[in-house]
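Data block below; observations after.
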Number of protein chains: 4
Amino acid sequence: MSRRAVRVALIGTRFMGKAHSNAWSQAAHFFPGRPRPVLHVLCGRDRAHAEILAARWGWRHVETDWRRAVARDDVDLVDICTPNNLHAEPAAAALNAGKHVICEKPLARNAAECRAMLDAARRAKGRLNFVCFNYRRVPALALARRIVAEGRVGRVFHVRCVYLNSGSMNPNAPMRWRMQADIAGSGPNGDLNAHLVDAARFVAGLEISEVAAAAETFIKQRPVAGQPGKFGTVTVEDAVIMLARFHGGALGTFEASRFGRGRRNFHGLEINGEKGALRFEFEDMNRLKFFDATLPQRLQGWTDILVTEPGHPYAGAFWPPGHILGYEHTFINICADVLEAIGKGPRACARLQPDFADAFKVQRVLDAALKAARSRKWEKTGC
Amino acid sequence: MSRRAVRVALIGTRFMGKAHSNAWSQAAHFFPGRPRPVLHVLCGRDRAHAEILAARWGWRHVETDWRRAVARDDVDLVDICTPNNLHAEPAAAALNAGKHVICEKPLARNAAECRAMLDAARRAKGRLNFVCFNYRRVPALALARRIVAEGRVGRVFHVRCVYLNSGSMNPNAPMRWRMQADIAGSGPNGDLNAHLVDAARFVAGLEISEVAAAAETFIKQRPVAGQPGKFGTVTVEDAVIMLARFHGGALGTFEASRFGRGRRNFHGLEINGEKGALRFEFEDMNRLKFFDATLPQRLQGWTDILVTEPGHPYAGAFWPPGHILGYEHTFINICADVLEAIGKGPRACARLQPDFADAFKVQRVLDAALKAARSRKWEKTGC
Amino acid sequence: MSRRAVRVALIGTRFMGKAHSNAWSQAAHFFPGRPRPVLHVLCGRDRAHAEILAARWGWRHVETDWRRAVARDDVDLVDICTPNNLHAEPAAAALNAGKHVICEKPLARNAAECRAMLDAARRAKGRLNFVCFNYRRVPALALARRIVAEGRVGRVFHVRCVYLNSGSMNPNAPMRWRMQADIAGSGPNGDLNAHLVDAARFVAGLEISEVAAAAETFIKQRPVAGQPGKFGTVTVEDAVIMLARFHGGALGTFEASRFGRGRRNFHGLEINGEKGALRFEFEDMNRLKFFDATLPQRLQGWTDILVTEPGHPYAGAFWPPGHILGYEHTFINICADVLEAIGKGPRACARLQPDFADAFKVQRVLDAALKAARSRKWEKTGC
Amino acid sequence: MSRRAVRVALIGTRFMGKAHSNAWSQAAHFFPGRPRPVLHVLCGRDRAHAEILAARWGWRHVETDWRRAVARDDVDLVDICTPNNLHAEPAAAALNAGKHVICEKPLARNAAECRAMLDAARRAKGRLNFVCFNYRRVPALALARRIVAEGRVGRVFHVRCVYLNSGSMNPNAPMRWRMQADIAGSGPNGDLNAHLVDAARFVAGLEISEVAAAAETFIKQRPVAGQPGKFGTVTVEDAVIMLARFHGGALGTFEASRFGRGRRNFHGLEINGEKGALRFEFEDMNRLKFFDATLPQRLQGWTDILVTEPGHPYAGAFWPPGHILGYEHTFINICADVLEAIGKGPRACARLQPDFADAFKVQRVLDAALKAARSRKWEKTGC
């Protein structure tokens, strides 16, 4: 595998900008023998802020206009961590410019935007079009996928997914871009339900054919930051609940909310199948629960697998068994796989998942959910 | 309080017949000072079987025709544990005959049947019309209700209820009456979802206004017991999933299935509110998890309350703190409350909950669920 | 098996008197086909109290002198639930009178008393000499024993046992007999550590050869009930901690305390062996955790077995899978096994465990613990 | 605070070398505004291996002789990650050379070595003498300490500590330096029990006055790596169990083993006090369980605090609430505190804990444990 450098331009300097800066910093420490990532360009609209971050994480250059970042000849890969309304254009531009692209989720504000991005990706043959559904690279969920793929779960009857935080429960907290439909596209539907839908697809290996849903905005007016006395209107939902039917007959329930008192970043998933069942909770992300119904009945139960063994996905790159990993490692694992694919060449890049085609399918489900919430009936996803 | 006897006629000799026989046997052991229950008449269609049970549990008389049991002058209370199609008639007859009535859930096969039973109950003033939603008398759920009533949860945003067993997963297991719509009315909708809907109403103190749903029968043909080679058609669902809107704006998700691999009798409930949250799982029924968002943030978390203290509902009647109770105690608690109400007189009997009016509301939700599953749109419950 | 009656005389009317009354009441309900227990004589020094209890539980006769109870011709089995200083005499008298004897734990105040009881038992051939280490009949611990016996744990390296309650933490709570050495023999050593030592022996199938220990009385003076202003001296320990070596080389740690803040009746046991490991906590007594190190490493973990299946010990007698049992069922299971042994005859009675020989071994360990606490060095148990 | 650089020389290139390389790399990313660490010199006896690691982590220079590393003028801080027999000399040399020193635990092979190092530290005024008991900087344990310091636990009655892995259970695994007394000093006593003793001291704020113990070597001969057919003798224990008395009267139990089947890196601690109790398990290191006995009794229970809030120790530097941290973050937190102390100056350096004086106390307890295991009686620690 080539040891050539991959010069990264990261667009975005907030939460995801930090998570990705860390991941690019760390990938070569734990996953040697792949192309070497270079923290080359950090792009943020607020130059002063971007320069602080660049200095802290070692980004060599700062840009304030994503167009300039994307256009640079000395950039190999563009990593998009901007708000959702600023995914489609930079991604297409970068792909058209021959760059590899990785983009935060949700890929865009709606399926139409995703579709355009997918088209651009298909034109840019041999370039990565990767979407950061980072939960796929939680070792425990990667193991869950492997257990399903080995046939240990059998026919799936139920998928149950809940993503709760309590991030919007304080009525005095100011308006954020995540509460504005023109920027975010949607609220927890795109922010949280997107993770659930992708995780369900990934682990179960099934697509959702139709959905019913409800969405609710519990607090409709929010103070505007820096403008005392001024309130703005929340134009996204605070919570979305969804029923789903999968191709093949499984039933699914999905719930995503920013009003989940008691939950800070709870992503729970359970799959009940003919031969086995799986459970996962992100706040205990180093653990996977597996129920093997093929064992003698008196020994059956939920096995709590601490996913830190050398034979577990990704775990061997870090620490000895029993030394747990955290949230940030999901991004390091992404960068490791991205670098490996680039090292292996265009065919590996084309195969790396989740890609824009995955995100498009996810987005069709999400769009169908909001449509169903409005129409008050079941809607097909088109997947 | 009077120490007079309450002569019970129990109709039904299977699972619930055993659970209620036990409860009537035990009530006076742990809850003295109330009218004394007399295990007077056991009624079952199979006389030989009924006589064995009667001898085992101490029932004084055996009847094989519920009409005779209900008509007996020496019976004060009729306890109905028959299949669902045999609730309405005996209940109405017993009420008309001036007996107290307690009836297993679901109260009937559908809301129309419930309505007729409720009408009979309203005519029978001063008589108990009690429905055995036994989860209300799990000490932990009674405590949950109390915590909500004390205002410790505040405005409710989310209710999440899941009831899973794996009771129908074996395709070779023969047809049971619970799989036949003419007898059972429905499958897990009436069997399991009924528990969830009542528990949600009870703990949250809120009614469901509308629902969307899906229902599925995963295995449509079953062997007929005792008739080798013969198969019958399952006419109820194996699973039902449901979205709900509550009056007041809370969102709910409900799931009930007999295909919940890994779960044997899992009844999970979570409520997320403004000031607090509650969680409960029936397989760990002695525990209630409470999240108090009014504590200092650094000390907030889910408090795992072992509900066995003298100050906890029902617990003081049994054993010292830390000595847990089981499934059967929910029925003992029911009998204790029933006997207390009878001892206190007609007004207490009229107030004892859950009553037929509760069950009617539950059934309207359940009926709306199956209607919504067919119509593929949201349906009002009428509650 | 004979269906003849077994007429029981129960001596003791407090906590254990209630638990045993319940067990004798319930045994025939759940375990038919064995000799029928008759609640024949209840013996308590306070006649008024005893008569109330007798009426509540259906004891036919009341005695106030254990000698009279034991001497009655119409008694087949004497069940001893008195304070520890009143075990030896009644047990020997009953055995000498040809009765079956079952006795609460600890069997006596010290090994010398146990030895005398054991001698009496050996003289009384064909009669039961059973000790109510009730944890052996928790279905989960019976399953644990079975798993060890099947060789699934292999050579045992570690045994870890903790029994904590917080029963003596209130300094204002009055003196009880359990705090007085002349009556109780010891404090949590006999009360709690006895359970641990027996459970360890039972599950691991190993005897303890030597111990080191410390004992402490945290609150040395207690108010005397009913005598305001008067204080008595606590003459037993509040806590005992113990190291152990087992024959065969395993190491053990034991801890028993009435000052275990946060724990109400916590009996935890863990065994780590070559091929597997087991964990149990009594407050979740329907669950056993089993780690099977012979599974593929990526699937290894602690399997949480809900011990309510028909194939699990005792569970099938009660309710369907997933419907949990409570503390009291351990005593029902004892009565069921006792009745079965009596029905089968003298050889079965001689084999039923735990017997006085077991209790003698346990007591030798407990005595060695207190001796070691005083001598400040390791002491042999003689086992 | 100064932004001057701190040039680090790291001695050791194995597990701890990697963990510390990572921590020095990451500290400035998450804890800006402190002196900037420079990964200046990596020292390892195997030059080729050291150069690979240096290239991977960005160490500027490689040395193969610790004397040269310590003597360099361009080094400000020496970080000692060598086997235990190579702590004392480099530490003393570095302190004598005016460097700050941080050293892995156990500080040395025995208390005498620690004593000499402590003397060197006391002579080197104003220089750090820090010991990497990294568990103190698990956010949850730092919170535990704070809860105790706030008086929320009150008088401590019990401390219970267990550290289990299964690292030596494979009899075919070759001899390691950790199994050789001349290099390691002891086995899990120094490796694991050291962590427990320090954590107990830290959280409870109490010193251990005397101990009893047992130690055992379960597998006494091991294959020698690279020499087929040759076996060496294990000269340390595989497991040590210990009873402790604390000043103030609390009782403690400690257990450390490499034969803890089912446990991979289990560090459990529980403290039971008058007013509250605390529990922690390292494999779930983002959680602290706190039992507050001052709450109304019906609401008491173990509160499961997810220690990821901005107000929790260290957590705010990383990710939003609910995004968990891993093992490696404990070392990052150490580096952050070390850099802060250096930035603040000599008095802050002198106060930073745990220091050599802490390690000396820990080692006196560990030495007393092995002495007690040999003498078979209680031994004073001298603390």
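Throughout, protein chains are lettered first and strands after them, A, B, ... in sequence-line order, and every chain is numbered starting at 1.
- Only the side chain of A:Leu164 has a heavy atom closer than 4.5 Å to any heavy atom of chain B.
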Item to complete: Might you work through the side chain to side chain contact (heavy atoms under 4.5 Å, CB included) test for A:Phe157 and B:Glu216, ending with a clear yes or no?
Response: CA-CA 10 Å; A:Phe157 297 112; B:Glu216 187 63 54; over 6 Å; no
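- The candidate with the highest count of non-hydrogen atom pairs below 4.5 Å against chain B, out of A:Gly273, A:Ala293, A:Ala372, is A:Gly273.
- Among A:Ala244, A:Gly301, A:Gly276, the residue making the largest number of heavy-atom pairs under 4.5 Å with chain B is A:Gly276.
- Contact count against chain B (heavy-atom pairs under 4.5 Å) is highest for A:Arg160 among A:Arg160, A:Lys377, A:Arg155.
- Across A:Leu243 and B:Met242, no two heavy atoms sit closer than the pair CD2-N, 3.8 Å.
- Residue A:Ala373 does not touch chain B at all, counting heavy-atom pairs closer than 4.5 Å.
- In this structure, CD on A:Glu255 lies 4.5 Å from OG1 on B:Thr253, to the nearest 0.5 angstrom.
- Contact tally against chain B (heavy-atom pairs below 4.5 Å) for A:Arg264, A:Arg245, A:Met169, A:Arg376: the top residue is A:Arg376.
- Ion pairing between a basic and an acidic side chain is recognised when a charged N comes within 4.0 Å of a carboxylate O; A:Glu270 and B:Arg261 show no such pairing.
- With A:Trp378 contributing its side chain and B:Ala213 its backbone, the two residues share a donor-acceptor pair below 3.5 Å.
- For B:Glu274, the side-chain hydrogen bond (donor to acceptor under 3.5 Å, both in side chains) test picks out no residue, with sequence neighbours left out.
- Between B:Leu251 and A:Ala214, the shortest heavy-atom distance links the atoms CD2-CB, 4.4 Å.
- If you take CG on A:Asn272 and OG on B:Ser257, they are separated by 7.0 Å, rounding to the nearest 0.5 Å.
- Only the side chain of A:Val162 comes within contact range of chain B, with heavy atoms under 4.5 Å apart.
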